[in-house]
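Quick notes on the structure that follows.
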Amino acid sequence: MRHPISLLLLATMISAPCEAQSPPVQDRRPGIAVFPLVNGGSYGAKQPEDLKLLSVGLQQSLINELAVNTNLRVIDRGTLRDLLREQDLGASGRVDPQTAARLGKIVGARYIITGGFIDLYGEMQINGRIIDVSTSEVVRSAQVQGNKKKLFGLLTDLAAMVTSGVNLPPLPAAVREARMGRKVPSEAMGRYSSILAFRDEGGDPAKAVQLYRALVKDFPEVEEFKAELKQLAK
């Protein structure tokens, strides 16, 4: 004969509802995606530079600037790159606001940033437009201009300008000033762009790690390079 207490425990276990698993926490931060910046060319120099690779370098660097603001959810460049290729839009990089908004919805972005750049006599002009995915409306435009040696600072400035006045949480002023004060040679952007293009084309990961290590060694002040090396070397 079973003990009454054992029967009571068994009945309690059967009747007790299974503990429900907690649903995953939804990331409610506003999503923002950055399209490749369109290369407008190089003019004025005796030997104009080929700035083709700079398109992806500036795109990723602008993504990095936005990602410093932890109140934003920045879409990974690889996700958008793959989508552009699927849509056969990767060659020119030019998309109208309606197309950008449509793609933005697919990747879960609230806003899309498009833009371009041009080199005029050594002065780099970079422009950006932020598009509201829900309306396909360009809600703000901005442009920065300066010597190519100050590319990283220009992008910090552009990230702040293009999101200012939009319903997005701002980057703290102290953080922005610190990033504006970085002195990173323009050579760093060129090499960074080459590495990103190498990876996009399916280059050997081991070789990419070597290239990143050399980049970090030469430009240790750029934390993004270190972070990407760490992620790639896992």
Would L51 end up clustered with L120 when hydrophobic side chains under 4.5 Å apart are linked, directly or stepwise? no
Strictly distance-based, threshold 3.5 Å: is any side-chain N or O of Q59 a donor or acceptor partner for the main-chain N or O of V34? yes
Derivation of the salt bridge (charged side-chain N to carboxylate O under 4.0 Å, His left out) call for R77 and D200: CA-CA 10 Å; R77 186 180 67 86; D200 285 351; 2.9 Å; yes
* Under 3.5 Å, side chain of T99 to main-chain N/O of V95, donor-acceptor pair present? -> no
I'd like to know if the side chain of R140 pairs up with that of Y111 as donor and acceptor (distance under 3.5 Å, no hydrogens or angles considered). no
From the list E224, E177, E221, salt bridge (Lys or Arg N to Asp or Glu O under 4.0 Å) partner of R182 resolves to E224
Closest heavy-atom pair, N39 versus G41, reported as atoms and distance to 0.1 Å, is OD1-N, 2.8 Å
Once you measure the plane-to-plane angle for Y192 and F225, does it fall in the parallel (<30°), tilted (30-60°) or perpendicular (>60°) bin?
tilted
message: Count I, L, V, M, F, W, Y as connected when their side-chain heavy atoms are under 4.5 Å apart, and connections chain through other members. Are L54 and F198 then in the same cluster?
response: yes
Can you check side-chain hydrogen bond (donor to acceptor under 3.5 Å, both in side chains) on Y212 and R199, steps first, answer last?
CA-CA 11 Å; Y212 266 114; R199 294 181 63 188; 3.3 Å; yes
### Query
Do any N or O atoms from the side chain of K226 and from the backbone of V216 form a donor-acceptor pair under 3.5 angstrom?
no
Rounding to 0.5 Å, atoms CD1 (I195) and CG (L215) come to a distance of 4.5 Å
Residues R110 and D132 bridged, charged N to O under 4.0 Å:
no
Worksheet item: In terms of side-chain heavy atoms, does S61 have a donor or acceptor partner in N64 at a distance below 3.5 Å?
Response: no
When rounded to the nearest 0.5 Å, the distance separating CD1 of I131 from CD1 of I32 is 10.5 Å
Non-hydrogen side-chain atoms of Q60 and L58 separated by less than 4.5 Å:
no
Using modelled atom types only, decide if a donor and an acceptor are shared between the side chain of T79 and the backbone of I75 within a distance under 3.5 Å.
no
Between the CD atom in Q125 and the CG atom in L154, the distance rounded to the nearest 0.5 Å is 10.5 Å
query: Does F152 offer a backbone N or O that forms a donor-acceptor pair with the side chain of T156 under 3.5 Å?
result: yes
Q. So do the side chains of I126 and L151 get within less than 4.5 Å of each other, counting heavy atoms only?
A. yes
Decide yes or no for V38 and F117: does some side-chain heavy atom of the first lie under 4.5 Å from some side-chain heavy atom of the second? no
Does the side chain of Q98 come under 3.5 Å of the side chain of S136 through a donor N or O and an acceptor N or O?
no
### Task
Kindly say whether L211 contributes a backbone atom to a donor-acceptor pair with the side chain of R191 at under 3.5 angstrom?
no
Show your reasoning for whether salt bridge (charged side-chain N to carboxylate O under 4.0 Å, His left out) applies to R176 and D157.
CA-CA 8 Å; R176 178 186 175 190; D157 211 11; 2.3 Å; yes
One should read off an interatomic distance between N127 CG and I118 CD1, to the nearest 0.5 angstrom, of 9.5 Å
